[in-house]
Number of protein chains: 2
Amino acid sequence: MADIKLRDLRYLVAVADAGHFGRAAAACHVSQPTLSAQLKKLEAYLGVQLVERGTRHASLTTAGQRIVARARAMLEASDDIAQIARACSDPLAGRLRLALLPTIGPYLLPRVTPRLHKALPRLELMLYEYQTAPMLERLRAGDIDAGVLALPVDLDGLEALRLYDEPFVLAVPAEHRLGKGGTVRTADLAGETVLLLEDGHCLRDQALDVCSRVGMHEKQDFRATSLETLRQMVASGVGVTLLPELATRGVYGAARGVVVRPFAKPAPTRGVGLVWRRTSARREAIEAIAKIIAAHAMG
Amino acid sequence: MADIKLRDLRYLVAVADAGHFGRAAAACHVSQPTLSAQLKKLEAYLGVQLVERGTRHASLTTAGQRIVARARAMLEASDDIAQIARACSDPLAGRLRLALLPTIGPYLLPRVTPRLHKALPRLELMLYEYQTAPMLERLRAGDIDAGVLALPVDLDGLEALRLYDEPFVLAVPAEHRLGKGGTVRTADLAGETVLLLEDGHCLRDQALDVCSRVGMHEKQDFRATSLETLRQMVASGVGVTLLPELATRGVYGAARGVVVRPFAKPAPTRGVGLVWRRTSARREAIEAIAKIIAAHAMG
DNA sequence: TGTCAGCCATAGAAGAATTCTATCAGAATC
DNA sequence: GATTCTGATAGAATTCTTCTATGGCTGACA
């Protein structure tokens, strides 16, 4: 025999725990003669008596005790290997930390989480909300596995996949001059006062970009901390704003005092993407998530 | 397959080290197909690909790397077990717990421990002192490996070997009527007041047995806790006593105020024996000890 | 481009090890 | 003294591992 066998160590540990060959054998789901013979073989191989066979009780010799301690460690390591294998064998299982922009998360998640849970039931999603800069930082630090944000960003050691393009829509007070009709042209916005998010939100920059092109000016001394604040300010007639379309769908579509109008083509949009470390071991799971989000975000 | 096999882990580690199936197989002293097949089996069992088979080089996958780390630990533990076994395989080595009667230990040990150490240098003797009943109890419980006590005892699952017969001697105050001359006959003791040990010491029962036969009576309201107490009480003239001969040899022979007289034949004696569990794995070492004690106790 | 060498996978047979059931022997218990 | 409990033994069936021989694929080299 060239190698100790884990099975034999299992038998030995069972005897150590049971103090009884028959019960140890039962615990190992083998017959008593099998366990006896294997233990005897192990003793012969090692050249030491491991078990003292009393008439009512089997107990370990000193050598047996010391060896059982090592044996337990080996069996644990063996379990570890199985554990590692299980974790690695199903790339679509385990914990995955996903961050989303504050201007995306609350509006996108209700649309996709049911589908994610259904399609990837063994994936435990941990959800976070960060603005672009801290999100990239935490991504690179390994604090999160993937992030949903507005492209483009500075990829560097990162990999990205475009998920969907989200149009902006115009939100105006109900009694506003632009509060009626179907699509609205960006040119119609010239001269309007626009309300924007505070610094740090990429949506602010994207909206500013649109505004500067069409001749709108930002309402001074006002910065909203969230889209919901923004929406309420619009409702109270302070000005107009640009919202990402998902923020006007579903329960968010029926805000009192606010009229939402889509833009005529070509509508201003922002690209939304999924970003992860190029070296990430969770690539497969991340791509599965990307597929589901891309398919159902705007659909 | 119920268990990962160490052999397969060895193959995996060999591939990790060699980066090459053929060389790994050679390192394991098996054919290349054997190693390939077993690794494939291991991968199937674990449900993960462990080795990336390149055209010129075999490298480990991430799962493989993580598992190899555990595998190395297991192989090391396996070596440890072999090492422990080798160290324990010498039946005359290791720890052996030996108990002696309080009326034997202090007088026998100085005579035999130097010889035990010389003859059994790899044996680590742990010495204990117990009276007969607790000694047998601890023996049966496996707390000690062997015991030196006065025979006969109720052997039951135990095995015994007679070591030597120890005569009793008479100890009297220096000015006592029996304090002079060579041997003394038991019949001369009639009417004497004898001091005895407290309950639990088998020596007490043995001495009582002698006393009752020769017409001595025990000093009431006195029970010594040790032979040395007894000896001092004799020296102070309270009475006489019986001592085991070894307790009057060497440094114990020159007690002031006490005269020791051997008995004329047939002298009363007690048999001293070594007792151990019949199932004990240390039988060989115990018998070696018995041989040495028997040879040098009374010599 | 065709041949060769290196590398791993596959196939089938031989051999070894493990397992089972049935039974035995020794010790403790009633 | 019969019975029960415990571990050891025996022989057959099964399962696993190993071997040799060979195939298929890829890269190197003339």
Side-chain angles (χ1 to χ4, degrees), chain A residues 1-46 49-61 64, chain B residues 1-12 14-46 49-61 64 136-137 139-142 154-160 275-281 283:
Chain A
M1 185 155 49
D3 249 329
I4 293 174
K5 296 222 171 53
L6 276 188
R7 180 171 23 81
D8 297 344
L9 295 181
R10 222 177 269 284
Y11 294 160
L12 179 64
V13 169
V15 168
D17 290 340
H20 188 285
F21 278 56
R23 280 192 286 280
C28 293
H29 308 292
V30 295
S31 69
Q32 169 266 316
T34 294
L35 183 137
S36 283
Q38 288 310 114
L39 270 189
K40 191 156 198 175
K41 226 168 188 171
L42 180 62
E43 286 180 329
Y45 171 64
L46 291 175
Q49 185 177 342
L50 302 173
V51 183
E52 184 178 324
R53 287 123 172 117
T55 53
R56 301 302 288 183
H57 191 80
S59 56
L60 293 189
T61 64
Chain B
M1 186 155 49
D3 250 327
I4 292 174
K5 295 222 171 49
L6 277 186
R7 178 171 22 82
D8 297 344
L9 295 181
R10 223 177 269 285
Y11 295 161
L12 180 63
V15 168
D17 291 340
H20 188 284
F21 277 55
R23 279 191 287 281
C28 294
H29 309 292
V30 294
S31 70
Q32 169 267 316
T34 295
L35 184 137
S36 283
Q38 288 310 115
L39 270 190
K40 190 154 200 178
K41 227 168 186 171
L42 180 62
E43 286 180 328
Y45 171 63
L46 292 175
Q49 185 178 341
L50 301 173
V51 184
E52 191 177 321
R53 288 128 172 110
T55 54
R56 302 303 286 182
H57 190 78
S59 56
L60 294 188
T61 63
L136 291 174
E137 197 175 313
L139 203 47
R140 291 200 172 93
D154 176 31
L155 297 174
D156 175 29
L158 301 178
E159 209 158 340
V275 180
W276 64 93
R277 284 184 304 286
R278 186 180 310 151
T279 56
S280 172
R283 181 195 185 88

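Lettering follows sequence order; numbering is per chain, from 1.
Straight-line distance from the CZ atom of B:R277 to the P atom of C:dA28: 14 Å, rounded to whole Å. The interatomic distance linking A:H57 (NE2) with C:dA27 (P) rounds to 19 Å, in whole Å. The nearest whole Å value for the distance from the NZ atom in B:K41 to the P atom in D:dT15 is 12 Å. Across the protein-nucleic acid pair, B:K5 atom NZ and C:dA17 atom P stand 13 Å apart, rounded to whole Å. One can place CG of A:L12 at 14 Å from P of D:dG7, the figure rounded to the nearest angstrom. Taking atom OH on A:Y45 and atom C1' on C:dA16, their separation rounds to 16 Å, with Å as the unit. Rounded to whole Å, the distance from NE2 on B:H29 to C1' on D:dT17 is 17 Å. When the P atom of C:dT18 is taken as reference, atom CG of A:L39 falls 12 Å away, rounded to whole Å.
Here B:S31 does not reach the OP1 or OP2 of D:dT18: none of its side-chain N or O atoms lies under 4.0 Å away. Contact check, A:Y11 against C:dT18: no side-chain N or O comes under 4.0 Å of OP1 or OP2. The side chain of A:K40 places no N or O atom within less than 4.0 Å of a non-bridging phosphate oxygen (OP1 or OP2) of D:dG7. An OP1 or OP2 oxygen of C:dG26 is reached within less than 4.0 angstrom by no side-chain nitrogen or oxygen of B:R278. Listed pair A:R7 / C:dT19 meets the phosphate criterion, a side-chain N or O lying under 4.0 Å from OP1 or OP2. Phosphate proximity of D:dA8 to A:R53: present, with a side-chain N or O under 4.0 Å from OP1 or OP2. For the pair A:H20 and D:dG7, the criterion of a side-chain N or O lying under 4.0 Å from OP1 or OP2 is met.
Interatomic distance, A:L39 CG to A:F21 CZ, rounded to the nearest 0.5 Å: 5.5 Å.
Among residue pairs with one or both ends in residues 13-24 of chain A, those qualifying as salt bridge (charged side-chain N to carboxylate O under 4.0 Å, His left out) are A:D17-A:R72; sequence neighbours excluded.
Across all strands shown, B:S36 has heavy atoms under 4.0 Å from sugar-phosphate atoms exclusively, and none from any base.
A salt bridge links B:R10 and A:D3; the closest N-O separation between the charged side-chain nitrogens and carboxylate oxygens is under 4.0 Å.
A donor-acceptor pair under 3.5 Å is formed between the side chain of A:E43 and the backbone N or O of A:L50.
For A:F21, counting side-chain heavy atoms from C-beta on, the closest listed nucleotide (D:dG7, C:dC8, C:dA17) is D:dG7. Here D:dT18 is the nucleotide among C:dC7, D:dT18, D:dC16 with the atom lying nearest to any side-chain atom of B:T34.
A 4.5 Å side-chain heavy-atom check between B:I4 and B:L46 finds at least one atom pair inside the cut-off.
Along DNA chain C, the nucleotide nearest A:Q38 and the nucleotide nearest B:G22 are compared for position; the residue whose nucleotide lies closer to the 5' end is B:G22.
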